[in-house]
There are 2 protein chains.
Amino acid sequence: MAAGSVSFRHFILGLLKQQPMSGYDIKRLLKGLGWLVDGPSFGNIYSTLHALLKDDLVTVKVIPNQNKPPRKVYSITEAGRQELHEWVNQPVTNNLSLKAFVMRLILAGSFSQARLVAHLQQRCEQVTAHHVALKQTVEALDEGADLQRLALDHALALATAELAWLDSTLKRLSRQPLG
Amino acid sequence: MAAGSVSFRHFILGLLKQQPMSGYDIKRLLKGLGWLVDGPSFGNIYSTLHALLKDDLVTVKVIPNQNKPPRKVYSITEAGRQELHEWVNQPVTNNLSLKAFVMRLILAGSFSQARLVAHLQQRCEQVTAHHVALKQTVEALDEGADLQRLALDHALALATAELAWLDSTLKRLSRQPLG
DNA sequence: GGGTTCATGTAATGGGTTACATGATTCC
DNA sequence: GGAATCATGTAACCCATTACATGAACCC
């Protein structure tokens with residue numbers, strides 16, 4: 001319920017906004033694309049779908065399937081669309097999680113170029129802040145804390161790389177928006 | 001219980017191996033260092049500590065504190081040391097999670113240089129595999145899936161940066177081991 | 001005959017968060 | 001006088017994973 005929290009609830013709702021799908025379709029889609037590192041499990045997908053249905057954010061259409069279990073294709077409802085819209089417009093809470101970022105990236109991008117850019121900029125701010133904090137921590141570290149330094153160094157390298165990516169991506173998007 | 005799963009249970013045990021601490025100390029330590037992005041909550045720390053105590057992996061010493069609530073300082077037991085040792089020596093399951101990696105990094109490093117290097121090499125293999133998978137996915141992507149491409153691109157940038165870091169770090173460690 | 005894919009679901013469990021509750025001390 | 005820090009803990013809840021269960025079709 002927390003503002004900006006990302007659950008698969010919203011993510012799945014976002015996928016259904018783009019096109020009606022069955023639970024199996026969703027699983028396949030997420031499995032096929034390796035970006036989220038690990039897609040949600042079946043259990044999670046199906047129960048999320050049931051929950052969405054209970055809240056009238058989606059509807060089902062059972063489609064009989066030649067000699068196979070019937071497919072249950074879920075579509076987003078008007079209420080679902082609205083909920084999603086509201087959710088995508090509220091700012092993310094201070095959450096650096098990659099998973100959350102990527103999920104929101106997909107969702108925000110499916111709304112409008114402006115939302116996409118706003119989301120990337122927000123990420124930029126957060127990662128910058130994180131980067132600064134890491135640097136300060138490194139400097140405050142006492143001698144001999146080599147492991148901590150190693151871990152911090154790792155985090156710094158990643159943050160730096162991400163900032164570079166965000167920067168170049170934002171520039172590219174301002175030159176040529178996504179189709 | 002899964003081999004290689006990282007829970008705070010083991011992480012906390014690892015911290016206690018380095019020095020006895022209270023729950024509050026642990027919280028402060030994790031809060032002070034921003035590396036793990038988000039430290040565990042109080043609830044989690046205290047209940048983990050209780051669980052460790054129940055399993056005889058740690059002991060407590062209650063230290064009365066001038067006009068303050070007494071501090072409960074936990075120390076690792078021999079059984080705890082052994083459990084930790086076994087755990088740190090089993091290979092990580094295919095888990096790309098940064099959090100898991102960093103936690104294990106700290107733990108492995110506190111054992112020996114060899115363990116540390118092994119852990120970094122393992123990470124290297126996993127990230128490489130991930131990188132390859134991402135590239136293949138990008139190539140298999142059909143036209144117009146711009147958002148997916150964006151997300152994949154982001155993931156690729158991070159993976160590339162991490163590999164570079166791992167590579168240079170491994171080289172550096174082989175030249176000059178940690179003190 | 002045996003594995004893989006399609007397709008759905010349930011139940012148990014785990015791991016963690018948030019919010020709540022308490023209470024003295026120190027700093028502004 | 002009021003906030004922050006020190007210091008502990010409990011209980012409710014949420015999200016997600018694992019393992020289990022079912023069953024037919026298709027390919028080797």
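Chain letters run A, B, ... following the sequence lines, proteins first and then strands; every chain starts at 1.
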Q: Tell me, please, which residues at least two apart from B:H85 pass ring pair (Phe, Tyr, Trp, His ring centres under 6.0 Å).
A: B:F111
Let me check something: any side-chain donor-acceptor pairs from residues 11-20 of chain B under 3.5 Å, sequence neighbours excluded? List them with distances.
{"residue": "B:K17", "atom": "NZ", "partner": "B:S110", "partner atom": "O", "Å": "2.9"}
{"residue": "B:K17", "atom": "NZ", "partner": "B:S110", "partner atom": "OG", "Å": "3.4"}

Q: State which of D:dA7, D:dT17, C:dA7 makes the closest approach to the side chain of A:R28.
A: C:dA7
**Q.** Length of the CG-P vector between B:L49 and D:dA7, whole Å
**A.** 14 Å
Q: Could you pull out the closest heavy-atom pair between B:G23 and B:L49, with the gap in Å?
A: CA-CD2, 3.6 Å
(Q) So for the helix from C:dG1-D:dC28 to C:dC28-D:dG1, with five pairs setting each end axis, what is the inter-axis angle to 10°? (A) 40°
Q: Could you state the atom-to-atom distance from CG of A:L29 to P of C:dC6 in whole Å?
A: 14 Å
Q.
Tell me the interatomic distance from B:I12, atom CD1, to C:dG16, atom C1', rounded to whole angstroms.
A. 12 Å
Q: Supply the atom-to-atom distance B:L158 CG to A:L98 CG, rounded to the nearest 0.5 angstrom.
A: 6.0 Å
Give me, pair by pair, the N or O atoms of the protein and of nucleotides 8-11 of chain C that are less than 3.5 Å apart, along with how far apart they are.
{"residue": "C:dT8", "atom": "OP1", "partner": "A:K72", "partner atom": "N", "Å": "3.0"}
{"residue": "C:dT8", "atom": "OP2", "partner": "A:Y24", "partner atom": "N", "Å": "2.9"}
{"residue": "C:dT8", "atom": "OP2", "partner": "A:Y46", "partner atom": "OH", "Å": "2.9"}
{"residue": "C:dT8", "atom": "O5'", "partner": "A:Y46", "partner atom": "OH", "Å": "3.3"}
{"residue": "C:dG9", "atom": "OP1", "partner": "A:K72", "partner atom": "NZ", "Å": "2.3"}

Q) Just how far, in rounded Å, is P of D:dC14 from NE2 of A:H10? A) 14 Å
**Q.** A:K61 NZ to C:dA7 C1', straight-line distance once rounded to whole Å
**A.** 19 Å
(Q) Without decimals, in angstroms, what is the distance between A:I26 CD1 and C:dC6 P? (A) 15 Å
Show me, pair by pair, the donor-acceptor contacts under 3.5 angstrom made by side chains of residues 169-179 of chain B, not counting sequence neighbours?
{"residue": "B:T169", "atom": "OG1", "partner": "B:W165", "partner atom": "O", "Å": "2.7"}
{"residue": "B:K171", "atom": "NZ", "partner": "B:D167", "partner atom": "OD2", "Å": "3.2"}
{"residue": "B:S174", "atom": "OG", "partner": "B:K171", "partner atom": "O", "Å": "2.8"}

Q | Non-neighbouring partners of A:A79 that pass side-chain contact (heavy atoms from CB on, under 4.5 Å), sequence neighbours left out | A | A:L57, A:T77
Q: Sorted by first residue and then second, give each side-chain hydrogen bond (donor to acceptor under 3.5 Å, both in side chains) pair with at least one member in residues 112-121 of chain B; sequence neighbours left out.
A: B:N89-B:R115
Q: With sequence neighbours left out, write down each residue that passes salt bridge (Lys or Arg N to Asp or Glu O under 4.0 Å) with B:D153, or none if nothing qualifies.
A: none
Q | For A:Y46, the rest of its hydrophobic cluster, which grows through side-chain links under 4.5 angstrom | A | A:Y24, A:F42
(Q) Can you measure B:F8 atom CZ to C:dT17 atom C1' for me and round it to whole angstrom units? (A) 11 Å
Q) Separation of A:I45 atom CD1 from D:dT18 atom C1', in whole Å? A) 15 Å
